Amino acid sequence: MESTYMLLQHYWWFLVSLLGAILVFLMFVQGGQSLLFTIGKTEVQQKMLLNSTGRKWEFTFTTLVTFGGAFFASFPLFYSTSFGGAYWVWMLILLCFVLQAVSYEYQAKKGNLLGKKTYQIFLLLNGVLAPVLIGTAVGTFFNGAEFVVNKQQLTEALNPVISSWASPWHGLEAALVWWNVCLGLAVFFLSRVLALLYFINNINDEEVQGKSRRQLLWEAALFLAFFLTFFVRWLLQDGFAVNPETKEVFMQPYKYFTNLIEMPAVLAGLLLGVVGVLLGIAKTALCSKWRKGIWFAGAGTVLTVLALLLCAGWNNTAFYPSLADLQSSLTIENSCSSLFTLKTMSYVSILIPFVLAYVAYAWRALDLHKLSKKEVQEVQEAQHLY
Amino acid sequence: MIENIDPSLIGWSRAQFALTAIYHWLFVPLTLGLGVVQAVMETVYYKTGDEFWKKTAQFWMKLFGINFAIGVATGLILEFEFGANWSNYSWFVGDIFGAPLAVEGILAFFMEATFIAVMFFGWSKVSKGFHLASTWLTIVGATLSAFWILVANAWMQYPAGMHFNPDAVRNEMASFWEVAFSPVAINKFFHTVLSGWIIGATFVVGVASWFLLKKREAKFALASIKVSAAFGLVACALSAWTGDGSAHQVAQKQPMKLAAMEGLYEGQNGAGLVGIGILAPNKHYKDNNAPFIFRVELPKMLSFFAERDFNAYVPGIVNLIEGGYTAKDGTPALSAQEKINRGKLAIQALATYRTAESDSLKREARAALDEHFRYFGYGYIQDPADLIPPVGLTFYAFRVMVLLGGFLLLLFAVITYLSYKNRFAAKRWLQWVCLISIFLAIIAGQAGWVVAEVGRQPWAIQDILPTSAAISKLPTSSVKLTFFIFLTLFTVLLIAELKIMLSAIKKGPEISQEAKN
């Protein structure tokens with residue numbers, strides 16, 4: 001019973017991490033938005049860029065919602081503590097996504113009230129802020145956040161709230177921690193790299209392809225600079241470990257590096273992921289006809305982020321450490337749902353491969369014909385176009 | 001020193017959630033209803049190959065797309081507000097409440113997101129059959145999504161399939177099937193989705209009538225009306241049936257809500273149903289003033305709808321507060337004060353259990369907690385009067401919903417008859433009524449949610465957790481600020497949506513002359 005519960009806690013941390021990893025890959029949509037005016041110099045080019053990533057925004061959006069729902073169902077104490085405490089960070093992220101949801105649809109429509117440019121600026125804002133903010137928020141998994149959890153508080157009738165935030169900035173203080181921001185910037189430049197690789201794959205236009213390939217080198221250099229800075233420090237930093245016997249949280253030198261060594265499969269996934277990202281970038285830069293970089297870099301992104309998140313929660317690690325009270329830190333054990341709920345949800349999760357299969361099938365069906373100048377110029381009004 | 005929760009924080013947190021839910025429910029029903037109508041039209045195109053039906057379906061899809069984007073945007077905010085504004089709630093019942101949301105994401109949202117892309121962009125990229133399947137799967141995904149979120153909402157009205165775990169200090173799921181298929185959940189799902197279908201059908205009928213009034217696109221307008229009028233009529237009839245089921249469930253599980261819906265202060269056998277009425281202002285449950293200035297009552301009907309028995313006893317607000325009447329299990333009903341006392345005992349027992357050092361004390365505390373747990377939420381209530389929801393708002397909202405629902409049933413019956421007799425085109429007054437009815441249907445849907453959510457106050461989860469204990473501890477100023485940010489943003493986006501929609505409607509469907517003939 002105890003071992004089943006532990007297994008399910010690990011399984012659900014894996015699923016949540018996988019969703020998080022897929023979300024980071026799908027943020028190529030945000031990256032595309034941030035590049036709208038960099039790559040798209042003419043109206044037709046901008047239209048091609050918008051219709052390329054615009055046909056995928058719902059996947060990013062849905063993955064975010066499912067990520068939230070899965071976190072709620074499997075680790076409700078994180079959901080209640082982080083969302084209710086780091087209020088402003090999450091609210092800003094949500095506002096960005098709201099602007100994205102309507103901007104694609106409204107920007108080119110007649111009577112859109114705010115004008116095309118405004119919606120495109122909304123997209124640009126979302127393209128910059130969403131990856132930076134999400135990366136910064138994830139940074140707190142390794143660098144800690146300012147909260148206290150006291151379940152006994154529920155018995156205080158006039159103030160029964162069990163989770164409270166110790167900083168009056170309610171999450172914004174995370175942006176003052178350089179290592180959080182460093183991860184945020186790495187995610188931002190990664191999203192731009194992935195977007196460029198997606199444009200190269202998805203748009204049949206020499207000019208867009210040429211510009212994307214040239215821009216790729218700059219974005220890749222900046223991504224690597226921020227990612228490697230974060231990564232080296234991450235390997236060397238003290239981590240938030242949990243004593244499996246006493247459940248006490250303590251600081252352990254080289255915790256995340258140790259996690260990699262003690263979980264060789266995760267280490268292998270990380271190395272494979274990094275190679276995938278580098279291969280996707282390098283081959284695209286070197287071979288002017290090669291257009292499949294997005295799949296290598298995309299799969300690499302998923303593996304790398306998955307490995308990082310697994311290191312945050314597996315191997316007796318506190319995945320949401322508290323700086324205000326170390327013993328309030330959240331672990332997969334103290335923040336998870338009951339055995340019954342995890343088990344029930346696990347039955348539902350059996351359907352995930354089926355979901356992934358039909359997503360892949362529909363994606364392929366739509367992307368089989370690459371986007372072209374002709375399509376965005378000649379498609380009938382009755383059909384959908386951004 | 002521990003600060004108490006600021007009462008205005010509760011008000012602003014509720015206001016923010018209500019604001020988001022109200023806006024969300026402006027868009028979602030149209031997605032649910034319009035989705036089915038356009039799928040039926042595309043099916044006709046698939047069967048006949050008639051280009052006219054393709055263009056007709058594409059026109060409604062264009063409006064569907066404009067509406068869909070803002071619907072998902074408000075839905076995203078709503079989901080995360082559970083954690084952001086109701087963090088205590090999210091922990092206390094997250095073990096149960098989170099599961100439907102996760103299933104919704106995995107099974108429904110992905111289906112919707114995947115196939116909507118094919119529906120919008122796949123006309124010239126995939127086969128006719130795959131496209132049609134995608135259109136249907138989009139609406140199946142949207143409806144499945146509605147099912148899971150309504151399961152979650154129904155569970156708040158009628159918490160079933162769970163037990164309290166004092167070690168984890170939360171409620172935990174004991175039966176997934178009891179949560180997912182409770183009678184309240186099933187009724188709520190059908191009633192709510194049907195209301196969405198009604199709004200969708202009214203929208204199509206109203207917009208098509210506008211074309212007739214403008215003497216434009218007559219073939220397109222009449223064909224759209226034929227499809228949606230029959231659809232609306234079926235939805236209205238079924239909605240009346242499920243509405244009756246909902247009222248019956250409310251009588252069984254939330255008697256205070258029923259009393260507020262009816263403005264019933266003193267319970268009685270053979271209670272009458274108030275058809276229309278004006279409530280007396282400033283009525284307090286303790287005074288002896290008449291609750292109504294004016295009312296038209298259907299004798300014994302409330303007893304019948306509530307208990308399926310014309311002479312059954314229906315408790316009023318005073319009875320529910322003061323207790324003493326004979327409950328359904330034959331025991332004397334407890335007063336609200338007694339429930340509050342027992343709730344406080346349950347909370348105290350939990351505190352003792354958590355700090356007890358000896359096993360015997362722990363066992364004793366556990367026994368006391370188990371004995372009184374069904375009143376746990378009452379322990380957070382300060383005054384019995386706090387258990388009464390806003391009577392006026394609940395009473396009038398219920399009547400608005402029912403009367404408008406009845407009107408729409410009649411309207412759809414008339415439109416269906418006239419359109420199938422080919423006499424609708426000549427009835428210009430009826431076309432005006434159809435146009436105006438778009439707003440009436442939306443109001444009816446909103447009123448239904450007001451009844452459901454205002455009527456269950458002060459509870460976040462019926463009898464288990466009041467809103468005052470469900471909250472996140474945040475500065476009130478932060479919630480106020482986000483409230484106004486959302487208010488401004490949603491309002492601007494709503495105006496933009498309406499303008500874009502009007503512009504698309506004015507442009508009309510692009511049906512070639514050949515197809516028109």
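Bear in mind that the values here come from a model prediction, so they are computed numbers and not experimental data.
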A/P76 versus B/S90, closest heavy-atom pair with distance
CB-O, 3.7 Å
Within-4.5 Å side-chain heavy-atom neighbours: B/F486 and A/L95:
yes
B/K473 and A/S164: which non-hydrogen atoms are nearest, and at how many Å?
CD-CB, 4.5 Å
Does some side-chain heavy atom of A/Y358 sit less than 4.5 Å from a side-chain heavy atom of B/F110?
yes
Could you walk me through whether B/E497 and A/K109 pass the salt bridge (charged side-chain N to carboxylate O under 4.0 Å, His left out) test, one step at a time?
CA-CA 10 Å; B/E497 191 220 14; A/K109 297 275 190 303; over 6 Å; no
I need the residue from B/A102, B/G105, B/G94, B/G83 with the largest number of non-hydrogen atom pairs under 4.5 Å to chain A.
B/G83
Go through the atoms of B/L489 and report whether side chain, backbone, both or neither lie under 4.5 Å from a heavy atom of chain A.
side chain
Among A/Q100, A/K110, A/R55, A/M91, the residue with the most heavy-atom pairs under 4.5 Å to chain B is A/R55
A/H170 portion near chain B, given a 4.5 angstrom heavy-atom threshold:
side chain
Heavy-atom distances under 4.5 Å only: say whether B/V479 touches chain A with side chain, backbone, both or neither.
both
Would you mind telling me which of A/L77, A/V359, A/L99 has the largest number of heavy-atom pairs within less than 4.5 Å of chain B?
A/L77
Measure from the ring center of A/Y361 to the ring center of B/F130 and say whether it is less than 6.0 Å.
yes
If you count heavy-atom pairs within less than 4.5 Å of chain A, which of B/S468, B/S472, B/A99 leads?
B/A99
Can you tell me how far the CG atom of A/D367 sits from the CZ atom of B/F121, to the nearest 0.5 Å?
11.5 Å
Looking only at atom types and distance, does a side-chain atom of B/D95 sit under 3.5 Å from a main-chain N or O of A/S338, one as donor and one as acceptor?
yes
In the structure I gave you, are the side-chain heavy atoms of A/E58 and B/E112 within less than 4.5 Å of one another anywhere?
no
Provide the closest heavy-atom pair for B/L107 versus A/L351 in the form atom of the first, atom of the second, distance.
CD2-CD1, 3.4 Å
Greatest number of heavy atom pairs closer than 4.5 Å to chain B - which of A/G68, A/P168, A/S82:
A/G68
Contact class of B/A346 relative to chain A, heavy atoms under 4.5 angstrom
neither
B/Y353 versus chain A, heavy atoms under 4.5 Å apart: side chain, backbone, both or neither?
neither
If I take atom CD1 from residue B/I70 and atom OH from residue A/Y106, how far apart are they, to the nearest 0.5 angstrom?
4.5 Å
Between A/T341 and B/E172, is any pair of side-chain heavy atoms under 4.5 Å apart?
no
Taking the six-membered ring for Trp, are A/Y347 and B/F176 closer than 6.0 Å centroid to centroid?
no
Separation between NE2 of B/H163 and CZ of A/F340, rounded to the nearest 0.5 Å:
8.5 Å
Highest number of heavy-atom pairs under 4.5 Å with chain B: which of A/L366, A/V102, A/L368, A/V348?
A/L366
Euclidean distance, A/L356 CG relative to B/T114 OG1, rounded to 0.5 Å:
9.5 Å
Might you point out which heavy atoms bring B/F80 and A/V65 nearest each other, and give the distance in Å?
CE1-CA, 4.5 Å
Heavy-atom cut-off 4.5 Å, strictly under: side chain, backbone, both or neither for B/A117 against chain A?
both
Chain A interface, residue from B/N165, B/L493, B/L502 that has the most non-hydrogen pairs under 4.5 Å:
B/L493
So, B/S478 versus A/W88: side-chain donor-acceptor pair below 3.5 Å or not?
yes
What part of A/W363 gets within 4.5 angstrom of chain B, counting heavy atoms only: side chain, backbone, both, or neither?
neither
For the NZ atom of B/K62 and the CD atom of A/E105, what is their distance to the nearest 0.5 Å?
10.5 Å
Below 4.5 Å, heavy-atom pairs only: which of B/A168, B/A174, B/G75 has the largest tally toward chain A?
B/A174
Please classify the contact between B/S175 and chain A as side chain, backbone, both or neither, with a heavy-atom cut-off of under 4.5 Å.
backbone
Would you mind checking which part of B/I485 comes under 4.5 Å of any heavy atom in chain A, side chain (CB onward), backbone (N, CA, C, O), both or neither?
side chain
As an exercise, state the distance from CH2 of B/W86 to OH of A/Y79, rounded to the nearest 0.5 Å.
13.5 Å
Is a donor on one side and an acceptor on the other found under 3.5 Å between the side chain of B/Y380 and the backbone of A/L158?
no
Examine whether an atom of B/V126 lies under 4.5 Å from a heavy atom of chain A, and if so say whether it belongs to the side chain, the backbone or both; otherwise answer neither.
side chain
Are any side-chain N or O atoms of B/N88 and backbone N or O atoms of A/P160, one a donor and one an acceptor, separated by less than 3.5 Å?
yes
Most contact-rich option vs chain A, by heavy-atom pairs under 4.5 angstrom, among B/K344, B/M501, B/E104, B/R170, is B/R170
Non-hydrogen atoms of chain B under 4.5 Å away: do they reach the side chain of A/T63, the backbone, both or neither?
both
Can you find a pair of side-chain heavy atoms, one from B/V169 and one from A/I162, that are under 4.5 Å apart?
no
